[in-house]
Number of protein chains: 2
Amino acid sequence: MEYKEAKEKFISTWGSLGSLWGINKAMAQIQALLFISTKPLSMEDIMEELKISRGNTSMNLRQLMDWGIVTKEIIPGERKEYFTTEKDVEELARVVAKERSRREIKPVVKILKDVSSINDDGTEKTKEFIKQTKALHELTETMDSMINKVVNQQQNWLTKSLLKLFK
Amino acid sequence: MEYKEAKEKFISTWGSLGSLWGINKAMAQIQALLFISTKPLSMEDIMEELKISRGNTSMNLRQLMDWGIVTKEIIPGERKEYFTTEKDVEELARVVAKERSRREIKPVVKILKDVSSINDDGTEKTKEFIKQTKALHELTETMDSMINKVVNQQQNWLTKSLLKLFK
DNA sequence: TGAAACTTTCAAAAAATATTGAAAGTTAAT
DNA sequence: ATTAACTTTCAATATTTTTTGAAAGTTTCA
């Protein structure tokens, strides 16, 4: 396999994987492109490489910046804006996990807590509802706490310690 | 909050959360409904409660069965088919994690392995590509191995041991 | 075997989501 | 203050995904 083919395969795979980490295709592809680039890229560069429109590029770059994964790079003497992504995979994983926890898991934990706290009127269906949503609440909270613990560790802790632990 | 309101809130929250665990809204809602039900439900029951069509119900029940989360229950003397879901949250988490690993993570790990194995022609861009995709391959493989390790543990191991470890 | 009771399939329709592109907005240099 | 170089916004459009519903299929019982 040649560089060009491998690159295209990587970008498209990473793009379709977007759903797994909760972002859209273009967003994932832009990140993938920056991830393997040896230098910061301009909006033009990205549009050209991925064959997507200016508006699309602009909106998705903003979202990537909101996630904290991509940063603007100002190149002295240049008018254009350039972009780079976090190059360290573990830091990347940490940021993604943290954001998903904040955006998606925490709100759900809150709702599970609320709905599992309804008054027990003694009926079977209410008892079952409380029991099941409580169990879900506890599991979700445990998972979230795990994620956040991992996320707050030092560089390399993730691979080194966890791999030992689980292998 | 009354039972009815809590139930509706739970089902709709769980439904919109579907994306987090990689299934669609109707599928997640059917699972949620079965999860808090005190008895197996028929297709009619589900259609009625969730206000969705027969075809939709049938297709999504099949998918839930493919995932191994929902099972058909034959009630003696009844012509209709009834459905129940796995009621134990940890078993549920285990099944979901295992399926996602198999369906989504493993194929990606394979592609990452392939693309990171291209011939190093000595150019900077090829070197960067190999370095970055290798790092991603390793991380993804580590994560997947963790997930599978957790997934194969005994009942309760997840909550009891991991919580202690991370709290 | 016939027919009632039920489930599955799938083409068409609807809904949700992503993308475009051009106008409006911003910034920096002269 | 003007203009050139660039970015952002957003209504319109395209694409993808989900849902519907009716016809076809299956099963069970008499």
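Proteins come first, then strands; the chains are lettered A, B, ... in the order of their sequence lines, and each starts at number 1. Hydrogens, waters and symmetry mates play no part in the numbers below; they use all other heavy atoms, side chains included.
Counting to the nearest Å, the P atom of dC6(C) and the CD atom of Glu81(B) are 11 Å from each other. Computed from coordinates, the Leu50(B) CG to dT19(D) P distance equals 11 Å when rounded to whole Å. If you measure from atom CG of Asn60(A) to atom C1' of dA18(C), you get 9 Å, rounded to the nearest angstrom. As rounded to whole Å, 13 Å separates atom P of dT9(C) from atom CG of Leu61(B). Distance Asn24(B) CG to dT16(D) C1': 13 Å, rounded to the nearest Å. Distance, Gln63(A) CD to dC10(D) C1': 15 Å, rounded to whole Å. Regarding Ile23(B), its CD1 atom lies at a distance of 11 Å from the P atom of dT19(D), rounded to whole Å. Distance, Ile75(A) CD1 to dA28(C) P: 16 Å, rounded to whole Å.
A 6.0 Å sphere centred on NZ of Lys87(B) holds more than 12 heavy atoms belonging to other residues, nucleotides or ligands.
With no hydrogens or angles considered, a side-chain donor-acceptor pair links Gln31(B) and Trp14(B) at under 3.5 Å. Side chains of Thr84(A) and Glu73(A): a donor on one and an acceptor on the other come within 3.5 Å.
Mapping Arg79(A) and Ser42(A) onto DNA chain D via the closest heavy atom, the residue that lands nearer the 5' end is Arg79(A). Where Lys25(A) and Phe83(A) each meet DNA chain D at their nearest nucleotide, the meeting point lying more 5' is that of Phe83(A).
Closest to the Lys80(B) side chain, of the nucleotides dC6(C), dT19(C), dT18(D), is dC6(C). For Met43(B), counting side-chain heavy atoms from C-beta on, the closest listed nucleotide (dT7(C), dC6(C), dT19(D)) is dT7(C). Closest contact between the side chain of Ser53(B) and the listed nucleotides dT9(D), dT20(D), dT8(C) involves dT20(D). The listed nucleotides are dT20(C), dT20(D), dT8(D); the one nearest the side chain of Met59(B) is dT20(D).
Panel note: side chain Ser37(A), backbone Pro40(A); no donor-acceptor pair is recorded below 3.5 Å.
Remark: Arg103(A) is positioned above the aromatic ring of Trp67(A), its terminal NZ or CZ atom under 6.0 angstrom from the ring centre and at most 45 degrees off the axis.
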